[in-house]
Amino acid sequence: MPVLILVSVVAVGFVGFLLVRGVDGETLLGASRRALLDPTGFVVIAVALIAAFAMRAVAWCRLIERLPFGQALAAIHLALAGNHVLPFRLGEPLRVTSVVRRTEVKMAEATATTVLLRSADVAALLVLGAIALPSLAAGLIRPIGVVIATAVCAVGVAALVHLVRLRSNHGGRTAGIRLPDLVTVALVVLAWIAESVVVWQVARWFGIELGPQQAVGVLAAAVSVQIVAVTPGGVGTYEAAAAAALVATGVPPSTALAVAVAVHGVKTVYSLAAGAVALVRPDPSIVGRLRMVRPLVARSAPVACSGPIVLFLPAHNEEPRVAAVVNRAPDRVGGHPVEVVVVDDGSTDGTAAAARAAGATVVSHSINRGLGAAVRTGIEYCRRAGATAGVFCDADGEYDPAELATMVEPIMAGRAHYVVGSRFVGRIGRMLPHRRLGNRLLTRWVRYVTGVPVTDGQSGYRALSAEALAAAEVAHDYNYAQVLTIDLLDKGFGYHEVGIGYSFRRSGQSFVHLGHYLKQVVPTVWRQLNPGRDPVASQEEPPSWIIDAGSVASVPLSSSPACLSPGVAATTAPPSETSPRTTEARPKGRRRTSTRAMVTVRAPKRARAPVPALPPTVPRPMTPANRSRPKEATPTRRTSPHTGR
């Protein structure tokens, strides 16, 4: 494609050079001065072009009822811009591609209706040209007119037959497919008449008064001969045909060529400007939805319950720091006991032993799966423990567990379901300049995507209500920051920020590298914003998620529903596209049996896959009496799909 564009640019440049040499420069310069002094003329041209392409969009929407007008107009403008950039009218496929990617219209429907309407465009143009300038049509177009007309009719009939077949196969009007009628034909014809206003207005800047019939004839001649345009936008053939038509109306040849160049230039500027807008507007853009669609009704206030507050700390090789972080957690907050859980994400040092020695419950992954997977495991622990609120922060000492009360206060007061500790609203002891810049840029991106005034999109200190815990999904194993925020806001949970302190880690090394981070996060966010285009999410029967050995502590699902609003069931998060998945082979006709109970996943918006429940062993809430004693929720040993151990 780049080579094709380069060749096109060279070809256009060469043809443009030849045209400039043949144009009367003084005539063109004088017309330019008059145009700059006539803003009304530009308004007339803009209105005429917008009206012409709007009528074409309406005609398309009449054939496919579920095609939104805005998307139809954008697709037509994209094709127009593509034709002015690529040779051989290769911009036409963009019309089909745009509506297929951005709407629910199927490829077959979009293709059949596009071919039918484009055939109608050419047929209407030939008829208008023959009526407007019969002498020119007889002398210039007649040698090839029969061939063109025959080919256009054949293609149009084939497209119409295919559309009739689609309509009959999908239930006629119930499928939202209509056949063209007189209104559709009238819109196609009127669109060309509206576009001819451009020729009329530009000719006026050159001091030439064309009648409506002559303007239509010039446009018909210029467009008809570039049905298969060798150069982008038909540069060269357009000017030659338009100049010949103008000469046939009595315009001097040098002036006629200048008018043709000016008309083509005006239409090219419009096509490129309109095509650039059509890339991103209306939403979704040509690459998909880039912003979150806010829910119409937000969630109600969190429901108070009597469960513990669970603070879980994702940790990987944090042996020197994890004990100090655990010891800074308070014993109780707001009358609720605090339980500290360390999610050991496959550490190869003494992280788990240090956490147990400090009095924390330890949940271990058999291998290092990533921060997102560790947060998913911690959320699952909170659900099964019946937590009033689940809070998590990094185990490296950058965040202070002593601020736990500040984090959960908006939830306990019923003001929010999802609380994020903002470093930029609170106190930053130290942050490297490049990390600060990266955080600022990513935060602005989160604000754009969500439409919420987020001040710290990458904070590692967050709190969720019981209802938010029940519905939360972490969409990939690598990280949680953006995907968790988008997930909860998309489901209507109330967002709140509190100022917190932040201290740069004194030892160890961050796993975050900007290039890899963006490579992992950006595609996942895109899939969140465009769920219907996610091949994993669109599976009718997603495979069961077999949890890694030791991936989640042995905590049964809480039997207390008081923490959830009516109609909301405790759920388990489905695996991400990078999570380990296995399927169990079994003979046909035999039902799979298992000694493990299954928890059916139900969430407010999407159906979830069933996830195996875990053996019933509930650790005691952390109290001053038992904080000093090591304890661990020891999971039942299972074979890991990764290691075989």
Side-chain angles (χ1 to χ4, degrees), residues 292 294-312 329-330 332-339 375 378-379 382-383 385-393 399-427 443 446-447 449-474 480-502 558 560-568 570-571 603-605:
M292 188 182 75
R294 296 301 305 278
L296 298 179
V297 180
R299 298 272 177 171
S300 59
V303 178
C305 61
S306 57
I309 293 174
V310 176
L311 171 65
F312 65 89
R332 300 184 69 86
V333 169
H336 295 264
V338 174
E339 180 179 356
V375 170
I379 290 175
C382 294
R383 291 172 179 145
T388 296
V391 188
F392 64 91
C393 69
Y399 301 93
D400 190 357
E403 297 184 276
L404 184 62
T406 302
M407 291 294 301
V408 300
E409 190 276 333
I411 293 175
M412 307 300 288
R415 299 199 307 272
H417 285 283
Y418 179 43
V419 179
V420 173
S422 174
R423 297 165 291 180
F424 297 102
V425 174
R427 308 171 309 281
T443 296
V446 173
R447 293 180 67 170
V449 170
T450 63
V452 174
V454 176
T455 65
D456 192 350
Q458 286 67 241
S459 172
Y461 209 164
R462 308 187 182 209
L464 290 77
S465 69
E467 189 174 7
L469 289 168
E473 297 175 73
V474 179
Y480 61 84
Q482 291 82 14
V483 296
L484 181 59
T485 296
I486 292 172
D487 174 65
L488 292 176
L489 290 180
D490 185 52
K491 294 171 180 173
F493 289 104
Y495 178 87
H496 190 80
E497 289 185 350
V498 295
I500 58 169
Y502 174 78
S558 171
S560 172
C563 299
L564 303 179
S565 297
V568 178
T571 64
K605 281 197 166 185

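These figures come from a predicted structure and were not determined experimentally.
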Trainee: Can you list everything that forms a salt bridge (Lys or Arg N to Asp or Glu O under 4.0 Å) with R415? Sequence neighbours excluded, please.
Mentor: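 Result, salt bridge (Lys or Arg N to Asp or Glu O under 4.0 Å) vs R415: E409.
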
Trainee: Please determine if E403 and R427 form a salt bridge, counting it only when a charged side-chain N lies under 4.0 Å from a carboxylate O.
Mentor: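 Yes.
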
Trainee: Under the side-chain contact (heavy atoms from CB on, under 4.5 Å) test, which residues partner V452, sequence neighbours left out?
Mentor: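 Partners of V452 by the side-chain contact (heavy atoms from CB on, under 4.5 Å) criterion, ordered by chain and then number, come out as R294, T450, V454, L489, Y495.
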
Trainee: Once salt bridge (Lys or Arg N to Asp or Glu O under 4.0 Å) is applied, what residue pairs with a partner in residues 303-312 remain, sequence neighbours excluded?
Mentor: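 Residue pairs passing salt bridge (Lys or Arg N to Asp or Glu O under 4.0 Å), neighbours aside: none found.
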
Trainee: What residue among V419, V420, V391 forms side-chain contact (heavy atoms from CB on, under 4.5 Å) with Y461?
Mentor: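 Running side-chain contact (heavy atoms from CB on, under 4.5 Å) over V419, V420, V391 with Y461 returns exactly one hit, V391.
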
Trainee: Determine whether L464 and F493 satisfy the following criterion, side-chain contact (heavy atoms from CB on, under 4.5 Å), listing intermediate values before the conclusion.
Mentor: CA-CA 10 Å; L464 290 77; F493 289 104; over 6 Å; no

Trainee: Please list, chain by chain and in numerical order, all residues satisfying side-chain contact (heavy atoms from CB on, under 4.5 Å) with A405, sequence neighbours excluded.
Mentor: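 By the side-chain contact (heavy atoms from CB on, under 4.5 Å) rule, A405 matches V333.
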
Trainee: What residues form a side-chain contact (heavy atoms from CB on, under 4.5 Å) with T406, not counting sequence neighbours?
Mentor: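 Scan of T406 (side-chain contact (heavy atoms from CB on, under 4.5 Å), adjacent residues dropped) gives V498.
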
Trainee: Evaluate the criterion side-chain contact (heavy atoms from CB on, under 4.5 Å) for residue pair Q458 and Q482; output intermediate values, then yes/no.
Mentor: CA-CA 7 Å; Q458 286 67 241; Q482 291 82 14; 2.6 Å; yes

Trainee: Okay, side chain of R299, backbone of G494: is any donor-acceptor separation there less than 3.5 Å?
Mentor: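 No; judged by distance alone, with no hydrogens or angles, the pair does not exist.
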
Trainee: Only counting residues at least two apart or in another chain, list the ones meeting side-chain contact (heavy atoms from CB on, under 4.5 Å) with M412.
Mentor: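 For M412, the residues satisfying side-chain contact (heavy atoms from CB on, under 4.5 Å) (neighbours in sequence not counted) are H336, T388, V408.
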
Trainee: Looking at F392, is its backbone amide N or carbonyl O close enough to the side chain of Y399 to form a donor-acceptor pair, meaning the two atoms are under 3.5 Å apart?
Mentor: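 Side chain of Y399 to backbone of F392, a donor-acceptor pair under 3.5 Å: no, none is there.
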
Trainee: Between S459 and I500, is a side-chain contact (heavy atoms from CB on, under 4.5 Å) present by the stated rule, with each step listed?
Mentor: CA-CA 10 Å; S459 172; I500 58 169; 4.2 Å; yes

